[in-house]
Amino acid sequence: MAGQLPAATRHFYRFLGLHSFLIGLFPFFIPVFLWRHGYTPGEISAFIATTGMGFILTLWLWDRAHKTLPLNFIIAASFLIEATLLASVFMIEQPWFLIIFALINGAYNCFFWITQRALFFETLNETDTGKKFGNFQVVVVIIIKTGVLFGGLLLDKAGYLSVFLLSAMIGFLGMLSFFLFSGSMQLPASLRKESPLSFSELLHFRDKYRSRPVFLLDGPFLFLESYFWMISLFLLAHESFWKLGVLVVLLGLSFSLLFYLIKNRIDQMPAQRIYALAVAGYCISWLMRATVDNQLGLGWLFTTLILVTFCTSFFRLAFNKRFFDLAKQTSAHRYLFLKSYYSQAFIVLSFGIAAVALQTSASLDPGFLHISYIIAAILTPIYFIYRQPGR
């Protein structure tokens, strides 16, 4: 029963559930929202690069502030930053909007993902990383998709103000719950006692698991999945927020049962074989993305989208199992921070270059998306170099 769960697990799932629903209501739609408002591929790439910069700057602050602030205040800050992100949308007509919006988006991503990973890490033991990450992923899928359904409907039928008001109310009540019903909350003592990561430590980070090149690669891949692939789905949904929401929910429901069965067994499966299979499937998923357009028959199109969704989620399950297993065996929370710094730094570099290269492009050429997905498929085998933790 939920009341019998350890406090760390209860705090984690309440934090995760509230923010997942809020993400579904609007932040999930940010790439297609920008696209609908006429921002070019180059401007969206610049937005992603600036988001990465906002994440890095905020992580530097988070790595110092969390040592003295109670967890309640850190969680409250995450809700306040999310509300600020949504409020900034009302300034969309201002010339400096995109930069401010991106920096706040990076700050929100940092407070959500870093706090979430810190809480999740404390729920793990040595033998159930895959199962617990699978449970986490299933919860996220269900709650985010519910938020997406409501968010898409509200954006199309009632306008952005309704999304803002609903999000603000949920955020306020969620923040209040962590003060009224959680008592005094602290991050783990081991995390609070660690010294902040120095620039020298970041620059000279190496390990025998080849983590650094994989960390660099993974950041741009995550945004290619969540931004440009989302725009591809939006175009398939005839640029309707509501239809996009329904499409995403149907895809989520379609693979959930099979994924649920796999996540309960992954900790007992041969780790390297499963990881290799997941990387191969992820590579194939990018090739399948390159074939998706409105010319495909409805049945084949939906089957392709389901396969892409499953292969991507299966890869994320296998990759994150390896990632958290290595964190457990190496430097714990420092390993989590290192991953974020490297991934976000390469997001800034890669999408900054893309922004310059695409600055003369006024529309999103489907050919550009297809080429991007093929390049992603070519680069995906780099994930094979990520070594499994020792026994």
Side-chain angles (χ1 to χ4, degrees), residues 23 26-63 81-82 84-86 88-89 91-92 94-114 197 199 202-203 205 212-232 234 286 289 337-365 368-376 378-380 382:
I23 287 170
F26 182 71
F28 174 89
F29 290 102
I30 284 176
V32 295
F33 186 83
L34 294 174
W35 174 250
R36 171 71 79 83
H37 279 79
Y39 285 95
T40 67
E43 289 170 328
I44 293 173
S45 295
F47 173 85
I48 295 171
T50 310
T51 292
M53 182 57 67
F55 192 114
I56 291 170
L57 295 173
T58 308
L59 179 53
W60 187 90
L61 294 173
W62 195 101
D63 195 16
I81 295 170
E82 197 267 350
T84 304
L85 176 70
L86 269 65
S88 67
V89 173
M91 299 182 287
I92 195 168
Q94 301 299 321
W96 39 261
F97 162 75
L98 201 66
I99 295 175
I100 299 299
F101 190 46
L103 289 172
I104 300 172
N105 188 45
Y108 176 61
N109 286 347
C110 176
F111 263 82
F112 171 65
W113 286 107
I114 295 300
L197 281 172
F199 181 73
L202 282 170
L203 191 63
F205 169 65
R212 190 167 77 156
V214 174
F215 290 173
L216 290 170
L217 177 71
D218 197 49
F221 268 70
L222 285 169
F223 271 92
L224 196 58
E225 286 175 26
S226 59
Y227 274 66
F228 284 107
W229 174 239
M230 197 54 55
I231 292 173
S232 291
F234 190 57
W286 288 110
R289 283 177 170 93
F337 292 168
L338 285 163
K339 201 272 187 187
S340 293
Y341 273 119
Y342 272 98
S343 293
Q344 297 299 320
F346 206 58
I347 285 168
V348 174
L349 178 61
S350 59
F351 282 100
I353 292 172
V356 173
L358 294 170
Q359 63 180 335
T360 59
S361 178
S363 63
L364 194 60
D365 182 0
F368 161 75
L369 288 174
H370 293 168
I371 291 171
S372 299
Y373 300 151
I374 291 171
I375 292 172
I378 292 170
L379 295 176
T380 297
I382 295 175

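Numbers for residues simply follow the sequence, beginning at 1. Values reported hereafter were calculated over all heavy atoms of this structure, with side chains retained and with hydrogens, waters and symmetry mates removed.
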Q: Donor-acceptor pair, S343 side chain versus F215 backbone, under 3.5 Å?
A: yes
Q: With rounding to the nearest 0.5 angstrom, report the CD1 to OG1 distance, I375 to T380.
A: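 Separation between the atoms: 11.5 Å.
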Q: Between atom CD1 of I347 and atom OG of S45, what is the distance when rounded to the nearest 0.5 Å?
A: 12.0 Å
Q: Take L197 and F205 through the test side-chain contact (heavy atoms from CB on, under 4.5 Å) and record every step on the way to the result.
A: CA-CA 11 Å; L197 281 172; F205 169 65; over 6 Å; no
Q: With side-chain contact (heavy atoms from CB on, under 4.5 Å) as the test, would you mind laying out the steps for F101 and M91 before giving the verdict?
A: CA-CA 9 Å; F101 190 46; M91 299 182 287; over 6 Å; no
Q: Please work out whether the ring planes of F97 and Y39 are parallel, tilted or perpendicular, with thresholds of 30° and 60°.
A: tilted
Q: Over all heavy atoms of both residues, which pair between S340 and F55 is shortest? Give the atoms and the distance, please.
A: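 It is CB-CE2, 3.8 Å.
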Q: How close do F223 and N109 get, heavy atom to heavy atom, and via which atoms?
A: CZ-ND2, 4.2 Å
Q: Could you report the tightest heavy-atom contact between G52 and V348, atom names first, then the distance?
A: C-CG2, 3.6 Å
Q: Do you know the tightest heavy-atom contact between S350 and P220?
A: OG-CG, 3.4 Å
Q: Give me the one residue out of L103, L85, L86, T51 that meets side-chain contact (heavy atoms from CB on, under 4.5 Å) with Y108.
A: L85
Q: I want to check something: taking the side chain as every heavy atom from C-beta on, are L98 and L34 in contact at a cut-off of under 4.5 Å?
A: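 Side chain of L98 against side chain of L34, heavy atoms only: contact under 4.5 Å found.
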Q: With rounding to the nearest 0.5 angstrom, report the CD to OG1 distance, Q359 to T40.
A: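 The distance works out to 9.5 Å.
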Q: How close do I44 and Y227 get, heavy atom to heavy atom, and via which atoms?
A: CG2-CD2, 4.5 Å
Q: Restricting to ring-ring contact (aromatic ring centres under 6.0 Å, His included), what partner residues turn up for F112, sequence neighbours left out?
A: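 Applying ring-ring contact (aromatic ring centres under 6.0 Å, His included) to F112 gives F15, H19.
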Q: How far apart are the closest heavy atoms of S372 and L224, and which atoms are they?
A: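 So the minimum-distance heavy-atom pair works out to O-CD2, 4.2 Å.
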Q: Quick one: OG1 on T84 to CD1 on I100, what's the gap to the nearest 0.5 Å?
A: 12.0 Å
Q: Going by the angle between their ring planes, with limits at 30° and 60°, are W229 and Y373 parallel, tilted or perpendicular?
A: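 If you compare the ring of W229 with that of Y373, the planes turn out perpendicular.
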Q: Taking the six-membered ring for Trp, are F26 and F33 parallel (under 30°), tilted (30 to 60°) or perpendicular (over 60°)?
A: perpendicular
Q: Look at the aromatic rings of F221 and W286 and report parallel, tilted or perpendicular, splitting at 30° and 60°.
A: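 Correct class here is perpendicular.
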Q: Can you confirm whether Q344 sits close enough to L59 that some side-chain heavy atom of one is under 4.5 Å from a side-chain heavy atom of the other?
A: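 No. Closest side-chain heavy atoms not under 4.5 Å.
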Q: Checking the side chain of Y342 only, and the main-chain atoms of L202 only, is there a donor and an acceptor separated by less than 3.5 Å?
A: yes
Q: Check whether any side-chain heavy atom of P31 sits under 4.5 Å from a side-chain heavy atom of F47, and report yes or no.
A: no
Q: For the atom pair NE2 (H37) and CD (E43), what is the distance rounded to the nearest 0.5 Å?
A: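 Going from NE2 on H37 over to CD on E43, the span is 13.0 Å.
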Q: I'd like to know whether CD1 of I99 has more than 12 heavy-atom contacts from other residues, nucleotides or ligands below 6.0 angstrom.
A: no
Q: Under a 4.5 Å cut-off applied to non-hydrogen side-chain atoms, are K339 and D218 in contact?
A: yes
Q: Any side-chain heavy-atom pair from R36 and F29 closer than 4.5 angstrom?
A: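 Side chain of R36 against side chain of F29, heavy atoms only: no contact under 4.5 Å found.
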Q: Looking at SG of C110 and CG of L61, how far apart are the two atoms once the value is rounded to the nearest 0.5 Å?
A: 8.5 Å
